[in-house]
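Computed from a prediction, not measured in an experiment: that's the story for all the values here. Naming: A, B, ... by sequence-line order, numbering from 1 per chain.
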2 protein chains.
Amino acid sequence: MTAHPIAANDGISADRREEVLAAAAECFMRRGYEATSMDDVAEMLGATKGRVYHHFRSKPELFFEVFRRAISILAREAGVHETGPGTAAARLRRMARAHVLCMMETQTFQRNLTLGVDLYRFGETSAEHRATLEELMDLRRAYEDAFRRTFAAGKADGSLAAPDPSLAMRTLLGAINWVAVWYSPRPGETRAHREALADGIVDQVLQGYLA
Amino acid sequence: MTAHPIAANDGISADRREEVLAAAAECFMRRGYEATSMDDVAEMLGATKGRVYHHFRSKPELFFEVFRRAISILAREAGVHETGPGTAAARLRRMARAHVLCMMETQTFQRNLTLGVDLYRFGETSAEHRATLEELMDLRRAYEDAFRRTFAAGKADGSLAAPDPSLAMRTLLGAINWVAVWYSPRPGETRAHREALADGIVDQVLQGYLA
DNA sequence: ACCCGAACATACTCCAGAGTATGTCCCTGC
DNA sequence: GCAGGGACATACTCTGGAGTATGTTCGGGT
């Protein structure tokens, strides 16, 4: 965070924390939040609980970080395309395409978004955690709103035909979020291959919203 | 199952078992599988664990029954429309519409389908449970295949334009499965209201696949 | 050479929750 | 009217997992 005299040391430390975060994402994605034990996360690292608790205060906070990371990736990769050249339809296509690629390439993080929403709906978290969850849900809502706004913009500039932008956003996001559920990378699969697949998906799905 | 001398008694008993099943579905949907305790299910019934364990041998078996019920509802309500009058596009529309209505009206059961798939992907269930899970996944696959076949039929009869029926099935199911995630019934909502919403969703989503 | 703190590992505590064993009530058939 | 079993409630056991307290190693600063 703050500038330390030895920047190199800070970078190493951050990397090791990152490893823990990635292992946690993997575990949470596979077994779900509750079924994942802190020992599971440690085992995946070839380490012990000590290491995990050294970097994260508790299991909820570890999960929250995974969630936060997932959204921040989406916002950076896909959300940025909201402001860009071309019609609303063109921008929406770029957003959706980037979103699908995120679902495929950072699947371990992205699948935790759904888990987080479930946790929110009827979590028994108390006070402090509740507040954090609210904040995370706001981040998610903010990201989704980019899609909603773009649908509305498409209605205005005539490039999209969405009677209900809110509903359109939900069906579109449903279709492309679902990618994280069924997609698994083929061995020896290249980036170009994924891009082609993403294009195919987006082409088909977006067909329903074009003017 | 088998015909008993006193049919009335059997019916009453079946109803009480049904109550437990519904309570379990509600709990599993809210908290997820692992986070739900057998005491939670009992508490929702205003009863104790004794009652739950009287009707179901274990927690996994209870969940499996919920899952099985969810698919059987889908197959009965939506799957049956695979064989019907009209073009493949018309049949697909009826299937999708019924599917969406199931997502809204039997949400508690349907949301457990996703949980089941997650459980399957990396469950630590052993031997017997593993076999049951395989069987349940087959049931799900069989249901999804109805959509896949209908897309293929639409390619043949010229009513649908799906280059890849398998991919089309996935994006379509993604969009309409997602309904169970975001939909919650408005107070005082009528069946007609839900049907209108379902029509709106299906109209929009199907647009992308029409020839 | 020594100290200190980051970065872990080890060895505990403690509770929630699955499963069980047993008791209780009531209805039904004889 | 009584024997038996279905349909639970009560009262346990026992393990797994979150969190903690304490030990250990190692690299850098003085």
How would DNA chain C look in dot-bracket form, 5' to 3', counting Watson-Crick and G-U wobble pairs with both distances under 3.5 Å and writing | for bases paired to another strand? ||||||||||||||||||||||||||||||
Over 12 foreign heavy atoms within 6.0 Å of CD, Glu128(B): no
Answer with yes or no after comparing the ring centroid distance for Phe63(B) and His129(B) against a 6.0 Å cut-off, counting only values under it. no
To the nearest angstrom, how far is Tyr53(A) atom OH from dG19(D) atom C1'? 5 Å
Under 4.0 Å between a side-chain nitrogen and a carboxylate oxygen: does that hold for Glu65(B) and Arg57(B)?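 Looking at Arg57(B) together with Glu65(B), the answer is no, because their closest N to O distance does not fall below 4.0 Å.
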Output the rounded distance in Å from CD (Glu43(B)) to C1' (dA16(C)).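 Glu43(B) atom CD is separated from dA16(C) atom C1' by 14 Å.
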Spell out protein contact along nucleotides 8-13 of chain C as letters: B when the base is contacted, S when just the sugar-phosphate is, - when no protein heavy atom is under 4.0 Å; keep the 5' to 3' order. BBB---
Counting neighbours of CD on Glu43(A) that are heavy atoms of other residues, nucleotides or ligands and sit closer than 6.0 Å, is the number greater than 12?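 No, not enclosed.
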Pairing of Arg191(A) and Glu105(A) as salt bridge, 4.0 angstrom limit: yes
Among Asp199(A), Thr150(A), Asp203(A), exactly one meets side-chain hydrogen bond (donor to acceptor under 3.5 Å, both in side chains) together with Arg93(A). Which residue is that?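 Per the side-chain hydrogen bond (donor to acceptor under 3.5 Å, both in side chains) rule, the option paired with Arg93(A) is Asp203(A), out of Asp199(A), Thr150(A), Asp203(A).
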Check: Thr171(B)/Tyr209(B) side-chain N/O donor and acceptor closer than 3.5 Å: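 Short answer, yes.
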Euclidean distance, atom CE of residue Met38(B) to atom P of dC8(D) [Å, nearest integer]: 14 Å
Within residues 56-69 of chain B, find the residues that approach DNA chain C with a heavy atom at under 4.0 Å, and present them sorted by residue number. Ser58(B), Lys59(B)
Specify the separation, in whole Å, of atom CD of Glu34(B) and atom P of dA16(C).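 Glu34(B) atom CD is separated from dA16(C) atom P by 18 Å.
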Residues Arg31(A) and Thr36(A): side-chain donor-acceptor under 3.5 angstrom: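 The answer is no; no qualifying pair exists.
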Is it possible for you to check whether Arg130(A) lies under 6.0 Å from the centre of the six-membered ring of Tyr120(A), through NZ or CZ, and within 45° of that ring's axis? yes
When the ring planes of Tyr33(A) and Phe28(A) are compared, do they come out parallel, tilted or perpendicular, using 30° and 60° as the limits?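 Aromatic pair Tyr33(A)/Phe28(A) classed tilted.
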